[in-house]
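What follows is a set of notes on a single structure, which appears directly below.
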Protein chains: 2
Amino acid sequence: MVSIISVAKAAGVSNKTVSRVINGEPYVTEETRERVEKAIRDLGYIPNMAARLIRSSRSNTFGIITDYVSTTPYSVDIVRGIQDWANANGKTILMANTGASSKREAEIWKMFQSHRIDGVLYVTMYRRTVDPEAGDVRIPTVMINCRPQTQELLPSIEPDDYQGAQDLTRYLLDRGHRKIGYIRLNPILLGAQLRLDAFRKTAADFGLAETDLSVRLGMEGPVGAEKNYVFAVATEMLQQKDRPTAIMSGNDEMTIQIYIAAMALGLRIPEDVSIVGFDDFRTVSLALKPELTTAALPYYDLGLEGAELLNSVVAGNKARPSSRVVPCKLVERTSVQSVSLIPSGRNA
Amino acid sequence: MVSIISVAKAAGVSNKTVSRVINGEPYVTEETRERVEKAIRDLGYIPNMAARLIRSSRSNTFGIITDYVSTTPYSVDIVRGIQDWANANGKTILMANTGASSKREAEIWKMFQSHRIDGVLYVTMYRRTVDPEAGDVRIPTVMINCRPQTQELLPSIEPDDYQGAQDLTRYLLDRGHRKIGYIRLNPILLGAQLRLDAFRKTAADFGLAETDLSVRLGMEGPVGAEKNYVFAVATEMLQQKDRPTAIMSGNDEMTIQIYIAAMALGLRIPEDVSIVGFDDFRTVSLALKPELTTAALPYYDLGLEGAELLNSVVAGNKARPSSRVVPCKLVERTSVQSVSLIPSGRNA
DNA sequence: ACACGCGATGTCGACGTTGTCATAAAAATA
DNA sequence: TATTTTTATGACAACGTCGACATCGCGTGT
C-alpha cells in the first residue's frame with residue numbers, strides 16, 4: 001500500500017512535509033505543496049485512518065446502536081438524518097443492531113470501544129424508555145427517540161407526540177367535528193400515552209364531554225408480535241348509531257385498516273367520515289385515497305440534531321443532560337372535511 | 001487508554017504473551033493464560049482495532065454503499081441480512097448512502113479506502129443496472145439487487161423477479177382466473193419488465209389470449225418523483241364491462257390503491273375481485289383486510305448471501321463473476337378466491 | 001558585520017499491535 | 001548422559017501517521 005513515505009520519496013521531501021500538506025498546515029511553500037499534491041495524485045495515495053487514529057486517539061467516528069431501527073420502515077429517516085450530518089461534517093458512522101438482545105448489545109458496546117468511537121447515538125424504533133447496557137463504559141452518548149430509564153441522565157432528543165396529537169385534535173375541532181373516535185396505539189409505546197392524553201385534554205379544554213369521544217385500543221402485546229384489533233374496532237366504531245364524524249388513529253399503518261373498514265361499510269372518506277393519521281409514513285399516507293392528513297414525526301430532524309448534539313458533547317460541552325423535544329408538523333391533505341358540509345340528518 | 005502493555009505489566013508477562021492470549025494462539029501455559037485473562041478483566045482492556053489493522057493490514061470491515069436503501073422501507077432487510085452475517089462472523093460494517101449523487105459516491109469510495117476496507121457491498125433500493133464510480137479503485141465488490149451496467153463483470157446477487165411473477169400468475173390460473181389485470185411498476189425498474197414478461201408468458205403458455213389480459217401502466221417517471229396513476233387505472237379497469245376476476249400489481253404499495261378503488265366501487269375482496277401484490281412489504285400486506293397474497297422478495301437472503309459471497313471473494317476465491325439469482329417465495333393469505341366460487345352471471 | 005526573528009523543512013519517537021526471531025526450559029530421543 | 005525436539009516466553013522491529021523539537025536559510029534592524 002502506498003503510504004506517506006512513498007509520497008515523500010516521490011516528491012523529494014520529508015514525510016513530515018507531506019503530512020503538513022495533507023492536513024493543510026501552514027509553513028509550506030506553494031511550490032512544494034504543489035509538488036507533493038502531484039505526487040499524491042500520481043501515486044493514488046489515500047491517508048490511512050487507522051494510523052491517524054492510533055497516533056491522535058481521535059477516530060472521528062460515531063456509532064449508532066439501534067434496536068430494530070434499520071430494519072423497520074418507520075424510523076429509517078433518523079438514520080438518514082445522522083448520516084447526512086456525518087457526511088457534511090466528515091465523520092464516519094458505524095452502525096449496529098441489537099435485535100433487542102441485550103447480550104448482543106453488550107458486544108456492540110465492546111466493538112465500538114475497540115474502534116475507539118468518539119460517541120454513540122442510541123436510537124430506538126419506537127419512542128420508549130430504555131436502559132442502555134453500557135456497563136462501565138464511558139462513551140459520550142445521546143439518546144434519540146428514547147430516554148434513559150434509570151438514574152443516570154443522558155441527553156436525549158424526542159419527538160413531541162403531545163403537541164402533534166394536540167394539533168391534530170385542534171384541527172378536527174376547528175373543522176367542526178364534535179364526535180371524535182380515537183384508536184389507540186400499542187400502550188407499551190411511550191408516544192401512545194402522550195398522544196392519547198393530548199387528545200383527551202384538548203377535546204376537554206374545548207368543551208367536549210367524555211361521551212363525545214370513542215376511545216378504543218387498536219393494538220397490544222410485545223413489539224413485533226402485537227395483536228391487532230384495528231379493523232374490528234374501527235368497524236364497530238363506525239357502526240354505532242351515533243358514530244363519530246372523525247377518527248384519529250395511532251399511526252398511519254393502522255389507518256389503512258380504518259379506511260378499509262369505512263369503505264366496507266359503504267362510508268365515503270371524507271364525506272361521511274374524516275380520518276387523520278399519525279407519523280406521515282409516506283408509503284401509506286400518499287398511497288391512501290384520499291391522501292391522508294397526518295402529523296409528521298420529525299425523524300429526520302431527530303437524527304440531524306442528535307448527531308449535532310453528540311458532537312458538541314464529544315467536543316467537551318459538558319452541557320446539560322437535557323431532554324430536547326422536536327415538534328411534529330401537521331401535513332394537511334384531503335382526508336378531512338369540515339363538518340358543516342356533512343348532511344346533518346346523517347349522523348343521527 | 002489501557003493497552004496491551006498495561007495488561008502485560010499487571011500480569012507480569014511480556015506484551016507478546018498477552019497478544020498470544022488475546023488471539024488464542026498456542027504455546028501459553030494454562031496458568032499464564034488465566035493470569036493474563038484476569039488482568040484483562042480487571043483493567044477492562046479492549047483491543048484497539050486500529051493498531052491491529054495497521055500491523056496486519058486486515059480491517060475485517062466491509063463497506064455498504066447504497067443509493068437510498070437505508071432510507072427506504074423496502075430493502076432495509078438487505079441491510080439487516082448483511083448485518084446479521086457480519087455479526088455472526090465478527091466483521092464490522094461501514095455504511096454510507098450516495099443519495100444518488102455520483103460526487104458523493106466517489107467520496108465514499110475514498111472514505112472506504114482510507115479505512116482500508118476489505119470489501120464492498122454495492123446495494124440498490126430497486127433492482128437496476130448501475131455503473132459504480134469505483135474509479136481506479138480495486139476493492140473486491142459484490143453487487144446486491146443490481147448488476148453492473150458495463151464491461152467489467154462484478155459478481156452480483158439479485159432476486160428472481162421472473163420466477164416470482166410466474167408463481168403468482170400460475171397461482172391465479174390454478175384457481176380458475178381467466179381474465180387477469182396487471183398494473184405495471186415503473187418501467188425504469190429492472191424488475192418491472194421481468195415481472196411483466198413472466199406474467200404474459202405464463203398466461204400465454206396456459207392458453208390465455210392477449211385480450212384476456214388487461215395490462216396498464218401504474219407509475220412512471222424518475223425514482224422519487226414518479227407519477228402515480230394506480231388509483232385511476234385500477235378504477236377504470238374494474239369498471240370494464242368484462243372486468244378481470246383478479247388483479248396483479250407491481251408491488252404491495254400500489255395494492256393499497258387497488259383495494260381502495262375496488263371498495264369504492266362496492267366490490268368485495270376477494271369475493272368480487274381477487275388481488276395479489278408483490279414484495280411482501282408487511283406493513284402493507286398485513287394491514288390490508290383481507291390480508292394480501294403476495295410474492296416475498298428475498299431481501300434478507302440477498303444481504304446474507306451477498307455478504308457470504310463477498311467474504312469468499314475477499315478470501316481469494318477468485319470465483320466466477322457469477323450472477324446469482326435468489327427465488328421469491330409466494331406468501332398465501334386471503335386476498336384470492338377460486339373463480340368457481342364467483343357467481344358466473346356476475347362477470348358478464 | 002552581527003544577532004534576531006521567522007518561515008520552511010527535517011529528524012525522531014510514540015501510538016498499540018503483531019510478526020520474526022531468539023532464547024530458555026522441559027521433554028523426548030539417542 | 002548428551003543431543004535433539006518441543007513448548008513457553010521474551011526482545012525488538014515495523015506498520016503509517018503526526019507531535020515535539022531541531023535545523024537551516026534569509027531578510028531586518030542595529
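Naming: A, B, ... by sequence-line order, numbering from 1 per chain. For the numbers below, each heavy atom of this structure counts, side chains included, while hydrogens, waters and symmetry mates do not.
- Taking side-chain N and O atoms only, A:R20 has no distance below 4.0 Å to OP1 or OP2 of C:dA8.
- Among D:dG10, D:dT9, D:dT17, the nucleotide with an atom closest to any side-chain atom of B:T29 is D:dT9.
- Within the structure, a side-chain polar atom (N or O) of B:Y27 is placed less than 4.0 Å from OP1 or OP2 of D:dT7.
- Residue B:N15 has no polar side-chain atom (N or O) positioned under 4.0 Å from OP1 or OP2 of C:dT18.
- Nearest nucleotide to the A:T17 side chain, out of C:dT18, C:dT9, D:dT17: C:dT9.
- One atom, CD of B:E31, and another, C1' of C:dA26, lie 16 Å apart when rounded to the nearest Å.
- A:N48 places a side-chain N or O within 3.5 Å of a backbone atom of A:A51 that can act as its donor or acceptor partner.
- Counting heavy atoms from C-beta on, the side chains of A:Y45 and A:I22 come closer than 4.5 Å.
- Nucleic acid contact class of B:S3 (heavy atoms, under 4.0 Å, all strands): sugar-phosphate only.
- Counting non-hydrogen atoms under 4.0 angstrom, B:S56 reaches nothing in the nucleic acid.
- Distances shown here put every side-chain N or O of A:T32 at or beyond 4.0 Å from the OP1 or OP2 atom of C:dA8.
- Judged by distance alone, the side chain of A:N145 and the main-chain N or O of A:T124 form a donor-acceptor pair under 3.5 Å.
- Counting non-hydrogen atoms under 4.0 angstrom, B:P26 reaches nothing in the nucleic acid.
- Across the protein-nucleic acid pair, A:L53 atom CG and D:dG16 atom C1' stand 12 Å apart, rounded to whole Å.
- B:R116 has its CZ atom 20 Å from the P atom of C:dT17, to the nearest Å.
- Distance from the side chain of B:K16 is smallest to C:dT20 among C:dC15, C:dT20, D:dT9.
- In this structure, the CE atom of B:M49 is 17 Å from the C1' atom of C:dC15, given to the nearest Å.
- Rounded to whole Å, the distance from CD on A:E25 to P on C:dG7 is 15 Å.
- Atom CE of B:M95 sits about 8.0 Å away from atom CD1 of A:I64, to the nearest 0.5 Å.
- Rounding to whole angstrom units, CZ of residue B:R35 and C1' of D:dA8 are separated by 12 Å.
- Considering only heavy atoms from C-beta on, B:V326 stays 4.5 Å or farther from B:E158 through its side chain.
- For A:Y45 and D:dT17, the shortest distance from a side-chain N or O to OP1 or OP2 is below 4.0 Å.
- B:S57 comes within 4.0 angstrom of no nucleic acid atom, judged by non-hydrogen atoms across all strands.
- A sub-4.0 Å separation between OP1 or OP2 of D:dA14 and a side-chain N or O of B:R55 is absent.
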